[in-house]
Amino acid sequence: MHTEVELASTYGNPREDDGGVFAGLTEPQARAVRHTEGPLLVLAGPGSGKTRVITRRIAHLVQCGIPPWQILALTFTNKAAAEMRERVLHLLGEGGAARGLTVTTFHALCARLLRRWAEVANLPGLKPDFAIFDSADQLSLMKKTIEGLNLSTGNWPPRSVLSRISEAKNDLQDAETFAARHHDFAGRTVAKIYQAYQKALRTAGGVDFDDLLVLTARMLRENAAVREACRERWQYLLIDEYQDTNRAQFVIASLLAGEGQQGRPPNICVVGDPDQSIYGWRGADITNILDFEKAFPGAEVIALGENFRSTQKIINAADAMIRRNTRRKHKTLFTSNPPGEKIDAVSCRDEHHEAQIVLEWFRARRAEGLAWKDMAVFYRTNALSRVVEDELRNAGVPYVVARGTAYFQREEIKNAVAYLRVVANPADDVSLDRVINTPARGIGDTSLDKLRNVAAIRGVPLADVLRSLESNGAAALGVELTARAQNAIGKFIRTLDDWRDVAKPSPFMGAAAQGQYETGALAELVERVIRESGLEAMYKAGKTESDEERLANLAELVTSAREFEETFDPGADPVLTDPRSAAAGTYAAPTNVLTMLHAYLERVTLVADADSVDPAQGAVTLMTLHAAKGLEFGAVAMVGLEERVLPHARVAEMPDQLEEERRLCFVGITRAMQRLLVTDARYRSFRGVPERQIASRFLAELPADLVSHSDQSDEFGGDDNGHRSAWDKPSATIESTRRAHKAPQARIGGRALAEGVLVRHPQFGIGRVEAVTGGQGARARIRFRDVGVKTLVLEYARLELIDEG
DNA sequence: CACTCATTCCTTTTT
DNA sequence: GGAATGAGTG
């Protein structure tokens, strides 16, 4: 292997090496790129050229003569992986110098490894054609599991049980370990559910997101052969966004990195920023990055603190705020960019007013020459996007909401994908349940319940029962079915078989027999499934606009399948038996549609919201703060800077989460290159109920001299008194500014609060109104059932109206 | 068995 | 404000 001395002689004068991997790098950046052997931690502040360093470093490794297939780069999202791959390719030239390089997400890598090795590694109940269950699938399976145990979903909400199990999985506790550690009633019950859930999951031939990591960690730990095969192949490991890794991911990384070769330390390079760790709730363990040097002794640490993205004012504000966190590795943020404008802060009346403010601010930015695509709106929760969307739509401003998962959550797409999943894996009961009577084909709940019962008793997938019904009749199963239902089921099974025959490798099918894949076969299968399942006819029969839209979406699914096949690169498969064949370009293509279908479904399931961010669209981008990480925009508007929204309400119960909320805010601020707007609203409606809001503490943490604040939250202010706009160019019209805010006096949720009305208070409980005074600072005297009479200021009292009866 | 209308819970963030 | 159940009718 190359040493630093040799490299130094090759790249003696980086800055003049135009076009080379060291061109234009700062000293610390170059140091990170130059580092090839042994553990390396790059602490990369926002806008510090992190991606640049990573991609250059990979290119550098390859230029040093390391075979690309020995390099594994891991990210969290497909988008990050795609971007990295593209940039490395660009650096190395399209000539195939990067062939065999593995750049992928943790989850996708695990899926591939498991499919390749599951049988060898003897993982209980895991078949190589397993389906990956997304959150919706998990939820419906969990519901069934809880009901199957005769527990109430009221006492054991599937969501929270799932999150407890997910927590356990992220910490690598299986059901048995979990059971051994929890002896209280709730813990024991969850353990029982955990066990049953895993069993149901395996029966359905499925794994959930967490399982992908857990099972891979376990496989690598317990199976020396697999472990060695992976280590043998990947000598250089790189992990992006390392601050977001959880315990399972840390174990996988450590096992892959191994002990290094011949007593030398492992070549693991991790890049991240503890200040941008925002996935603690998903098990991300910030100590992974804080203690990297402990886990990998002798690690070189390089801090990239210089920011090349934002103005001084933005950087200084972000720095001042994040300094308040105590659990961090301090690095000084600085920039030699221009000072820039002050941060705009506007206090608004309510969320509608806020949306108008954002719109006007964007128009002003556009007047200054910024394009729509250079602007973005960030918010803490998805629910906040709606009002902004409405405002932009009405104003005719083009926008896109970054919700990559949304497309695949549409009913029609879920249906079509569920059919495909049943083709790929007939045991997938969750998908089968979804499609067996969609569109309605006469297989009703009564019949299904009987058959599900049989399946549950025998512990086999429903599909097996259906099949045995088809060959042996209902009597053999010990159930009675109407002839109508039996016919319908028979027909359904035969349709499935037809599709599977097409998909299966068949020695009689010409090209397939030669081991060649015919491009278009997957798209053809998707098209066939949509047509022959009756989905197409079902939506064609409907005449509403949404039905037309649904047909269009289904057509799009066919297109997406076609695109997938066309861009599918079998050489990029991380688990090729012989990586050298990838380098040589002589790998074997997949031989049948089923293989392609599996790859496609995997891709479809492992999408992230951030994956859909496409600045080429020429539109304003709307997204959650979480999705914003890693991106940058000329002008950023952050809305909902309020207590209980941006530090989220949950912080009240879990104070240690406050620092993560602050990091979230930090991430948002540091996305802005030139201009930043932060807004808070005095009133905001949650689920239709307006609530009095308090400005976020984070606003107060921004140094006053960097902020230009404009309070427009006055009830009737901000109409046309000249103070409406705090910035240079207010828009010419006042169109919607007139939508006066409803006076909060003596009103709750738009309904008048009168004597004798029942209300609920978050602390005091239920009470009856005895008297109301209106006007500014309206009050009500309320006799509470439990705590007696209190006089409350309506503005602050977050009361809820209760209907009598 | 299929479809329509009312009632319930909900939401933090996502691979 | 909306999705996801459940009751009731054709």
Side-chain angles (χ1 to χ4, degrees), chain A residues 74-81 104-111 132-136 138-140 143 153-154 157-160 162-163 166 169-170 207-214 241 244-246 248-249 277-284 351 378-387 390 402-406 409-411 437-448 482 484-485 488 538 542 602-603 605-611 623-629 640 644-651 653-654 657 660-661 663-665 667-668 685-690 749-750 803:
Chain A
L74 291 175
T75 64
F76 278 84
T77 65
N78 294 303
K79 183 169 181 284
T104 185
T105 65
F106 263 105
H107 290 267
L109 175 77
C110 290
I132 300 168
F133 277 30
D134 68 17
S135 336
Q138 286 178 46
L139 199 62
S140 78
K143 241 180 247 163
T153 48
R159 268 182 178 287
S160 52
L162 268 175
S163 99
S166 170
K169 285 184 176 179
N170 286 330
V207 300
D208 61 23
F209 289 137
D210 299 321
D211 281 344
L212 288 173
L213 303 176
V214 172
E241 306 284 12
D244 289 332
T245 50
N246 60 29
Q249 285 157 333
S277 160
I278 52 175
Y279 287 99
W281 52 274
R282 218 174 71 192
E351 66 269 29
F378 301 157
Y379 34 81
R380 176 67 236 263
T381 62
N382 277 306
L384 297 190
S385 79
R386 217 198 77 250
V387 182
D390 290 346
R403 227 179 272 152
T405 49
Q409 277 167 11
R410 288 170 196 272
E411 178 198 300
N437 204 28
T438 313
R441 51 170 68 86
I443 310 174
D445 279 334
T446 344
S447 314
L448 271 177
T482 61
R484 185 181 169 196
M538 176 170 118
E602 201 167 289
R603 180 58 214 255
T605 314
L606 297 178
V607 287
D609 281 354
D611 291 344
M623 69 185 99
T624 63
L625 284 162
H626 283 89
K629 195 172 57 158
R644 322 190 111 251
V645 177
L646 191 37
H648 191 265
R650 247 184 99 153
V651 169
E653 300 136 47
M654 314 180 64
Q657 288 235 310
E660 180 152 318
E661 296 289 312
R663 290 194 291 266
L664 205 44
C665 190
V667 165
S685 292
F686 296 98
R687 306 171 213 139
V689 184
D803 287 312

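So you know, we letter chains A, B, ... as the sequences are listed, proteins then strands, and number each from 1.
At whole-Å resolution of the value, CZ in A:Arg282 and P in B:dT11 are 18 Å apart. When the P atom of B:dC10 is taken as reference, atom CZ of A:Arg159 falls 9 Å away, rounded to whole Å. In this structure, A:Leu139 atom CG and B:dC9 atom C1' are separated by 13 Å, rounded to whole Å. Spacing between atom CG of A:Asp390 and atom P of C:dG2 amounts to 9 Å, rounded to whole angstrom units. Between the P atom of B:dT11 and the CG atom of A:Leu625 lies a distance of 20 Å, rounded to the nearest Å. Between A:Arg650 atom CZ and B:dT13 atom C1' the separation is 10 Å, expressed in whole Å. Taking atom CZ on A:Phe106 and atom C1' on B:dT14, their separation rounds to 16 Å, with Å as the unit. One interatomic measurement links the two molecules: OH of A:Tyr379 to P of B:dT13, which rounds to 10 Å at whole-angstrom precision.
For the residue pair A:Asp134/A:Thr605, the side-chain donor-acceptor check at 3.5 Å is not satisfied.
The closest side-chain heavy-atom distance from A:Val214 to A:Val207 is not below 4.5 Å.
Within the nucleic acid shown, A:Ser447 comes within 4.0 Å of sugar-phosphate atoms alone, with no base atom in reach, counting heavy atoms only. As judged by a 4.0 angstrom heavy-atom cut-off over every strand, A:Glu660 is placed among residues making no nucleic acid contact. The residue A:Thr446 sits close only to the backbone: its heavy atoms come under 4.0 Å of sugar-phosphate atoms, none of a base. Residue A:Phe76 is classed as a sugar-phosphate contact, given heavy-atom separations below 4.0 Å to backbone atoms only. Within 4.0 Å (heavy atoms only), A:Lys143 reaches sugar-phosphate atoms of the nucleic acid but no base atom.
Aromatic stacking is marked for A:Trp281 over B:dT13, as both cut-offs hold: 5.5 Å for the centres and 30° for the planes.
Between A:Lys169 and A:Asp208 there is a salt bridge, since at least one side-chain N of the basic residue sits less than 4.0 Å from a carboxylate O of the acidic one. With respect to A:Glu661 and A:Arg650, no salt bridge is recorded, no charged nitrogen being found less than 4.0 Å from a carboxylate O.
Residue-environment remark: CZ (A:Arg603) stays at or below the threshold of 12 foreign heavy atoms within 6.0 Å.
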Listed pairs, N/O of protein and of nucleotides 2-8 of chain B, under 3.5 Å:
unit_1, atom_1, unit_2, atom_2, d
B:dA2, OP1, A:Gly442, N, 3.0
B:dA2, OP2, A:Asn437, ND2, 3.0

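Residue A:Asn382 places its side chain closer to B:dT13 than to any other of B:dT13, C:dG1, B:dT11. Residue A:Arg386 has its side chain nearest to C:dG1 when only B:dT14, B:dT13, C:dG1 are considered. Side chain of A:Arg687, nearest nucleotide from B:dT13, C:dG1, B:dT11: C:dG1.
For A:His648 and A:Trp281, the ring centers are positioned 6.0 Å apart or more. Annotation: A:His107 is not in aromatic contact with A:Phe76 [ring centroid separation under 6.0 Å not met].
Nucleotides of DNA chain B nearest to A:Thr482 and A:Thr624 differ in position, and the one nearer the 5' end is that of A:Thr482.
Here the closest heavy-atom approach between residue A:Thr105 and residue A:Asn78 is recorded as CG2-N, 3.5 Å.
A distance of about 15 Å separates the P atoms of C:dA4 and B:dT13, rounded to the whole Å.
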